[in-house]
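A quick write-up on the structure given underneath.
Atoms within each ligand, like the ligands themselves, are counted from 1 in listed order. Because the structure is a prediction, the values reported are computed rather than measured.
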Amino acid sequence: MSQKTPRSFFKPLSIGAPEPYRELPVKLERMIHFVPPHLDKVRAKVPDMAPTVDVILANLEDAIPADAKDAARAGAIEMANMYDWQGKGTGFWSRVNCLNSPWFQDDVSELVLKAGHQLDVIMLPKVEGPWDIHFADQYVAQLEAKAGLTRPILFHAILETAEGVARVEEIALASPRMQGISLGPADLAASRKMKTTRVGGGHPFYRVIEDPKEDGSARLSAQQDPWHYTIARLVDACRMAGINAFYGPFGDIGDLEACEQQFRNAFLLGCAGTWSLHPSQIAVAKRVFSPDPEEVKFARKILAAMPDGSGVAMIDGKMQDDATWKQAKVISDLADLVASKDPDLAAAYAG
Ligand SMILES: CC(C)(COP(=O)(O)OP(=O)(O)OC[C@H]1O[C@@H](n2cnc3c(N)ncnc32)[C@H](O)[C@@H]1OP(=O)(O)O)[C@@H](O)C(=O)NCCC(=O)NCCSC(=O)C[C@H](O)C(=O)O
Ligand SMILES: [Mg+2]
C-alpha cells in the first residue's frame, strides 16, 4: 500500500490552506450532542444548551428528511453564528451527508465557506476506507484556502460499514485531520446483516448458556455484549493512531438505565465520549465519561507513590507498577480536564 512520506503527510493539501496539526488540540468531548438544525424550536435552544455540553453537533444526515436537507444546512450555518464557540470552548461539529449523496458537496462547501471560522469538526458518515478521507481532506483544504481559514477543520469518521471495520486502522491513519472515530451501531448492524433493529445496547437473544444438568434442571444463561469486539477493535485502531474512540447513538431514549450501561461499557473499554441524542442522555454521558472521584483519588495515590512513574508499590493491598502508573495518569489527566469545565466535579476530585 503506497503511503505518504512523513514529511508530506503534514503538508497542506491546497496552496493557502492552514498547516495541519501535528498534535491534536486537547479537548473535553464526553458527549457529542446531536441537534436537528432544521427544527426552529430545537435550534433556538442551542445558546442555552451550549455551555452545558462539551460538543454540539448540527446533524445533516440520517434523521433529517430528504426534503429538509437544505433547511438543515441553513440551520447549521445559523447555529455557527448563534454562539461564541471558539471563545467559550464548546465544540461545534456538523455531520454531513455521505460522500456519494446528492448533498455532500453543498454540505461541505457551505459549512466551510460560511461557518468554517467556528466549525471544529466535520463528521463523515459511512466511511468505507482511507480513500473517503483522502477525498474529503483535499476538498476541505481547497475550501479552507478559499475561505482564508487559519485553523484546520478536523474529521471524525463513523464506523458503520463492514468494510469500514475491516479497514478501521487505515481510516484512523489516513490524514492529520483525523480527530476520532465513533461506532455507528445502526448502520453497522444493517451492513453486517445482524438481526436486530436496536440502536446500540444488548439483545436478549445474544447469550451464552451453561452445560445441560444431569437432573435436567433449568440451565443458567447470561446476556453478552454484541458490541464488545467492534468497540475494542475501534479503540485499538484509534489509540494506535493517537486519536480518540467514541461510542455513538443509544436509540432507546426511554431506557436511561440501559443507556448508562452501554455508555459505561464503552468508557471502560477506552472510549473518550459518546453521542447524546436527547437532553436526558446528556447527564448520563457526563456521569459516565467523567472519572469517578474515588477512582481519581486512588489514581493520584499511585502517582504520588511513584513520582517518576517507575518501580513498584503496594496501595490498599494492590500491586502498582510502571503500567498502573500510566493507567493512573490517564484517569488523573482526564479528571484535570473535567475539573476545568465542571466546578462540582472539580470540588469532588479535590476532596
Ligand atoms: C429522538 C427525538 C425525535 C425525540 O424528540 P421529542 O419527541 O421532541 O422528545 P421529547 O418530547 O422528549 O423532547 C423533550 C424536549 O426536548 C427537546 N429536544 C428533543 N430532542 C432534542 C435534542 N436532540 N436537543 C435539544 N433538545 C431536544 C424537545 O424539543 C422538547 O423541548 P420542549 O418541548 O421545549 O420541552 C429527538 O430527541 C431527536 O431528534 N434527537 C436527535 C436524533 C438524531 O439525531 N438521530 C440521528 C443520530 S443516530 C444515527 O444516525 C444512527 C447512527 O448513524 C448509526 O448508524 O448507528
Ligand atoms: Mg448511521
Side-chain angles (χ1 to χ4, degrees), residues 31-66 68-69 71-73 75-76 78-79 82-83 90-101 103-104 107 122-128 132 156-165 168 171 180-194 196-201 203 226-227 230-231 234 245-256 259 262-263 266 271 273-286:
M31 77 298 294
I32 301 157
H33 185 68
F34 273 59
V35 168
H38 65 303
L39 298 180
D40 297 347
K41 184 177 91 165
V42 183
R43 193 176 65 247
K45 296 171 184 281
V46 165
D48 291 340
M49 219 170 19
T52 68
V53 294
D54 296 342
V55 175
I56 290 265
L57 178 140
N59 177 38
L60 308 182
E61 198 226 8
D62 291 359
I64 307 298
K69 296 292 187 184
R73 189 182 309 121
E78 193 183 323
M79 283 169 60
M82 288 171 85
Y83 189 72
T90 296
F92 178 57
W93 299 16
S94 183
R95 176 171 74 167
V96 297
N97 284 278
C98 52
L99 280 73
N100 62 353
S101 73
W103 305 293
F104 175 82
D107 288 350
I122 292 174
M123 181 183 276
L124 296 167
K126 300 180 178 63
V127 173
E128 292 181 337
D132 289 336
H156 184 103
I158 308 179
L159 188 63
E160 52 182 353
T161 67
E163 183 160 13
V165 175
V168 64
I171 293 165
I181 303 176
S182 286
L183 170 68
D187 276 303
L188 184 54
S191 171
R192 283 172 166 169
K193 294 194 186 306
M194 288 168 69
T196 177
T197 56
R198 295 171 178 229
V199 181
H203 193 293
W227 300 109
T230 314
I231 292 176
L234 170 61
F246 292 76
Y247 178 73
F250 186 82
D252 189 345
I253 303 290
D255 189 349
L256 289 180
C259 175
Q262 176 63 81
F263 286 3
C271 288
T274 182
W275 299 3
S276 50
L277 304 182
H278 184 275
S280 61
Q281 293 183 341
I282 294 171
V284 179
K286 203 172 274 190

A side-chain contact here means heavy atoms from C-beta on lying under 4.5 Å apart; do [X] and [Y] qualify?
X	Y	answer
Phe246	Leu159	no
Asp107	Ser94	no
Lys126	Glu61	yes
Asp132	Leu124	no

Between Arg198 and Asp252, does any side-chain N to carboxylate O distance fall below 4.0 Å?
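Looking at Asp252 together with Arg198, the answer is no, because their closest N to O distance does not fall below 4.0 Å.
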Give a yes or no on whether a salt bridge exists between Arg43 and Asp40, defined as a side-chain N under 4.0 angstrom from a carboxylate O.
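Here Arg43 pairs with Asp40 in a salt bridge, since their nearest N and O are under 4.0 Å apart.
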Is at least one protein non-hydrogen atom found at under 4.0 angstrom from [atom]?
atom	result
atom 52 (C) of ligand 1	yes
atom 7 (O) of ligand 1	no
atom 15 (C) of ligand 1	no
atom 41 (C) of ligand 1	yes
atom 11 (O) of ligand 1	no

N/O separation below 3.5 Å, [X] to ligand 1:
X	value
Pro36	no
Asp62	no
Met49	no
Glu160	yes
Val35	no

Would you kindly specify which portion of [X] sits under 4.0 Å from ligand 1, judged on non-hydrogen atoms: side chain, backbone, both or neither?
X	answer
Leu277	both
Glu61	neither
Asn59	side chain
Arg95	side chain
Pro249	side chain

Please say which of Val165, Ile171, Thr161 ends up in a side-chain contact (heavy atoms from CB on, under 4.5 Å) with Glu128.
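Exactly one option meets the side-chain contact (heavy atoms from CB on, under 4.5 Å) with Glu128, and it is Thr161.
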side-chain contact (heavy atoms from CB on, under 4.5 Å), paired with Ile282, selected from Leu277, Val53, Asp54
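Going through the options one by one, the only one that passes is Val53.
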Look at [atom] and say which protein heavy atom is nearest, naming residue and atom and giving the distance to 0.1 Å.
atom	value
atom 20 (N) of ligand 1	Pro279 CD, 3.8 Å
atom 30 (C) of ligand 1	Lys41 NZ, 4.2 Å
atom 43 (C) of ligand 1	Ala63 CB, 3.9 Å
atom 56 (O) of ligand 1	Ala186 N, 2.7 Å

Go through it in stages, so that I can follow the logic: the residues are Asp187 and Asp62, the test is side-chain contact (heavy atoms from CB on, under 4.5 Å), and I'd like the CA-CA distance, side-chain angles, deciding distance and then a yes or no.
CA-CA 10 Å; Asp187 276 303; Asp62 291 359; 3.4 Å; yes
Would you please say whether a donor-acceptor pair under 3.5 Å links the side chains of Arg95 and Ser182?
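Side-chain D/A pair, Arg95 to Ser182: absent.
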Among Arg43, His278, Gln281, which one puts a heavy atom closest to atom 9 (O) of ligand 1?
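Residue with the shortest heavy-atom distance to the ligand atom: His278.
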With a cut-off of 2.8 Å, does Asp187 put an N/O/S atom close enough to the Mg ion (ligand 2)?
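So Asp187 counts as coordinating the Mg ion (ligand 2), yes.
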Is the distance from the Mg ion (ligand 2) to some N, O or S atom of Glu160 under 2.8 Å?
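Checking the Mg ion (ligand 2) against Glu160, an N, O or S atom does fall under 2.8 Å.
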Return the orientation label for the His156 and Trp93 ring planes: parallel under 30°, perpendicular over 60°, tilted otherwise.
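His156 and Trp93: tilted rings.
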Parallel, tilted or perpendicular, judged at 30° and 60°: which one describes the rings of Phe250 and Phe263?
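Rings of Phe250 and Phe263: perpendicular, as their planes differ by over 60°.
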For a side-chain contact (heavy atoms from CB on, under 4.5 Å) check, start with the C-alpha distance between Thr274 and Gln281, then their side-chain angles and the critical distance, and finish with the verdict.
CA-CA 10 Å; Thr274 182; Gln281 293 183 341; over 6 Å; no
Can you list the ligand 1 atoms lying under 4.0 Å from a non-hydrogen atom of Lys45?
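Under 4.0 Å from Lys45, ligand 1 has these atoms: 26 (N), 29 (O), 31 (O), 32 (P), 34 (O).
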Which atoms of ligand 1 sit under 4.0 Å from any heavy atom of Val42?
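In order of number, 24 (N), 25 (C), 26 (N), 29 (O).
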Using 0.5 Å steps for rounding, measure from the NE2 atom of His203 to the OG1 atom of Thr196.
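Going from NE2 on His203 over to OG1 on Thr196, the span is 4.5 Å.
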Residue-ligand contact Gly248/ligand 1, heavy atom below 4.0 Å:
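Gly248: no contact with ligand 1 (<4.0 Å).
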May I ask whether His33 has any heavy atom positioned less than 4.0 angstrom from an atom of ligand 1?
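Yes.
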Pro65 to His38 - nearest heavy-atom pair and separation
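Closest approach of Pro65 to His38, heavy atoms only: CD-NE2, 3.9 Å.
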